[in-house]
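To keep things clear, I will list the structure first and then write my remarks on it.
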Amino acid sequence: MNIEELLTPINSFLQCETPQAWIDEAIKDTNLPVLLTDHLICELKAAQTAMWLIRKYAVDKQSGAVLLEWLQPYEKFIYRKEGDLETLAQKLKFSKSIVPKSNSPIGQDLIDKMVLLIKEELHHFYQVLEIMNARNIPYENITAGRYAKGMMTNVRTHEPAILVDKLICGAYIEARSCERFAKVAPYLDDELNKFYVSLLRSEARHFQDYLALAELIAGEDISDRIQFFGKVEAQLISTPDEDFKFHSGIPA
Ligand SMILES: [Fe+2]
Ligand SMILES: [Fe+2]
């Protein structure tokens, strides 16, 4: 599939395009460290979110413990600055099978999708760190932008609505990431350009996995909620934002 074909569903799902002002900011050399660092953290968060979802709602206890172990070296790196590329590389080989809880509404098929998603996000994490290392960009703690929080504050407070809403937010975060990879890639150097396009290929499916899961769990039409979060998301992207990040609004 070519890039245009991959982007068509993503662009029709999102309610606004990334503003040119954000792109102009993102391609400044001086912003590369924050762009990559924020991206690195986003990859971990994506893996953590998927992990939390399947541990809470889908897998048995033993599989849950196995899954948590996968994340630990990455979390140690981000939160405690422990480990390096080499220690993470050894942890990239996951093999154990993950089995559903007997009473889970989520079947093996969706668990498999989420497990694949987690593996992909952790692999992306590794790739971003590799690029940062090669460019002598040290990993520094940075604060989270307003984007994810801005959506999550609108999550309803009862089950299964909580889960459905969080999945919809997840879908928007994934879709926006893809859209932005595509937007900045042409302006970046060869290595980053190729990397972002490769990410786009692997991420393009993720938003649909989240939506499929949301629909399955809701058991009813969720197009109103999708529209609602689409509006919230588009607002965060198209209003002034002083804190430049991968998912920030119009640089103010
Ligand atoms: Fe990713
Ligand atoms: Fe993703």
Side-chain angles (χ1 to χ4, degrees), residues 1 5-18 42-43 45-61 63-64 67-68 97-121 144 146-180 200 202-239 247 249:
M1 230 194 269
E5 283 171 318
L6 286 172
L7 283 172
T8 306
I10 290 165
N11 290 335
S12 66
F13 176 61
L14 294 171
Q15 294 188 16
C16 77
E17 233 182 288
T18 286
C42 284
E43 297 292 1
K45 283 193 184 146
Q48 284 174 320
T49 305
M51 187 73 87
W52 176 82
L53 287 167
I54 57 173
R55 285 188 66 237
K56 184 156 167 84
Y57 296 99
V59 301
D60 70 7
K61 228 180 162 182
S63 296
L67 285 169
L68 260 195
S97 66
I98 304 299
V99 286
K101 269 186 200 162
S102 51
N103 61 348
S104 169
I106 303 168
Q108 186 71 49
D109 172 53
L110 278 163
I111 290 180
D112 291 344
K113 273 188 186 156
M114 296 308 264
V115 167
L116 180 65
L117 189 146
I118 293 167
K119 289 181 185 176
E120 287 176 330
E121 307 296 15
R146 69 181 188 181
Y147 179 75
K149 222 184 298 155
M151 275 192 284
M152 291 298 178
T153 51
N154 290 288
V155 167
R156 290 168 292 177
T157 52
H158 57 279
E159 295 288 8
I162 298 175
L163 180 55
V164 170
D165 285 358
K166 282 188 176 174
L167 287 164
I168 296 172
C169 292
Y172 276 106
I173 298 170
E174 291 285 345
R176 180 62 65 188
S177 306
C178 277
E179 192 250 4
R180 291 210 155 164
L200 177 70
S202 128
E203 303 272 6
R205 216 189 49 250
H206 289 175
F207 91 94
Q208 280 156 337
D209 290 345
Y210 277 118
L211 282 185
L213 201 48
E215 260 150 26
L216 182 90
I217 285 158
E220 57 183 19
D221 180 55
I222 54 168
S223 44
D224 283 356
R225 285 313 277 172
I226 295 175
Q227 285 304 316
F228 168 76
F229 279 106
K231 273 204 187 69
V232 173
E233 200 272 344
Q235 271 248 313
L236 291 161
I237 290 300
S238 54
T239 52
H247 293 100

Could you give the distance from [atom1] ([X]) to [atom2] ([Y]), rounded to the nearest 0.5 Å?
{"X": "L211", "Y": "L216", "atom1": "CG", "atom2": "CG", "result": "12.5 Å"}
{"X": "K119", "Y": "M114", "atom1": "NZ", "atom2": "CE", "result": "14.0 Å"}
{"X": "S177", "Y": "E43", "atom1": "OG", "atom2": "CD", "result": "7.5 Å"}
{"X": "E174", "Y": "C169", "atom1": "CD", "atom2": "SG", "result": "12.5 Å"}
{"X": "L68", "Y": "W52", "atom1": "CG", "atom2": "CH2", "result": "13.5 Å"}
{"X": "I54", "Y": "L117", "atom1": "CD1", "atom2": "CG", "result": "9.0 Å"}

Scan for side chain to side chain donor-acceptor pair (under 3.5 Å) pairs involving residues 213-222, sequence neighbours excluded, and state none if there are none.
D221-S223

Under the ring pair (Phe, Tyr, Trp, His ring centres under 6.0 Å) test, which residues partner [X], sequence neighbours left out?
{"X": "F13", "result": "Y172, F207"}
{"X": "Y210", "result": "none"}
{"X": "H247", "result": "Y147"}

Where do [X] and [Y] come nearest, in terms of heavy atoms and distance?
{"X": "C16", "Y": "I237", "value": "SG-CG2, 3.6 Å"}
{"X": "K45", "Y": "A144", "value": "NZ-CB, 3.9 Å"}
{"X": "V232", "Y": "G150", "value": "CG1-O, 3.7 Å"}
{"X": "Q15", "Y": "A234", "value": "CB-CB, 4.0 Å"}
{"X": "R225", "Y": "N154", "value": "NH2-O, 3.3 Å"}
{"X": "L6", "Y": "A204", "value": "CD2-CB, 3.9 Å"}

Taking side chain as C-beta onward, heavy atoms only, is [X] less than 4.5 Å from [Y]?
{"X": "L200", "Y": "L7", "value": "yes"}
{"X": "I217", "Y": "L167", "value": "yes"}
{"X": "M151", "Y": "I173", "value": "yes"}
{"X": "I10", "Y": "Q208", "value": "no"}

R156 side chain vs I162 backbone, donor-acceptor pair below 3.5 Å
no

Polar side chain donor-acceptor pair, Q48 to E121, under 3.5 angstrom:
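Checked: Q48/E121 side chains show no N/O donor-acceptor pair below 3.5 Å.
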
For residues 227-239, which residue pairs pass the salt bridge (charged side-chain N to carboxylate O under 4.0 Å, His left out) check, not counting sequence neighbours?
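Salt bridge (charged side-chain N to carboxylate O under 4.0 Å, His left out) check on residues 227-239 returns R176-E233.
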
Residues E17, N11; criterion side chain to side chain contact (heavy atoms under 4.5 Å, CB included); working and verdict:
CA-CA 8 Å; E17 233 182 288; N11 290 335; 5.8 Å; no

Report the residues that fulfil side-chain contact (heavy atoms from CB on, under 4.5 Å) with R205, sequence neighbours left out, ordered by chain and then residue number.
L116, E120, D209

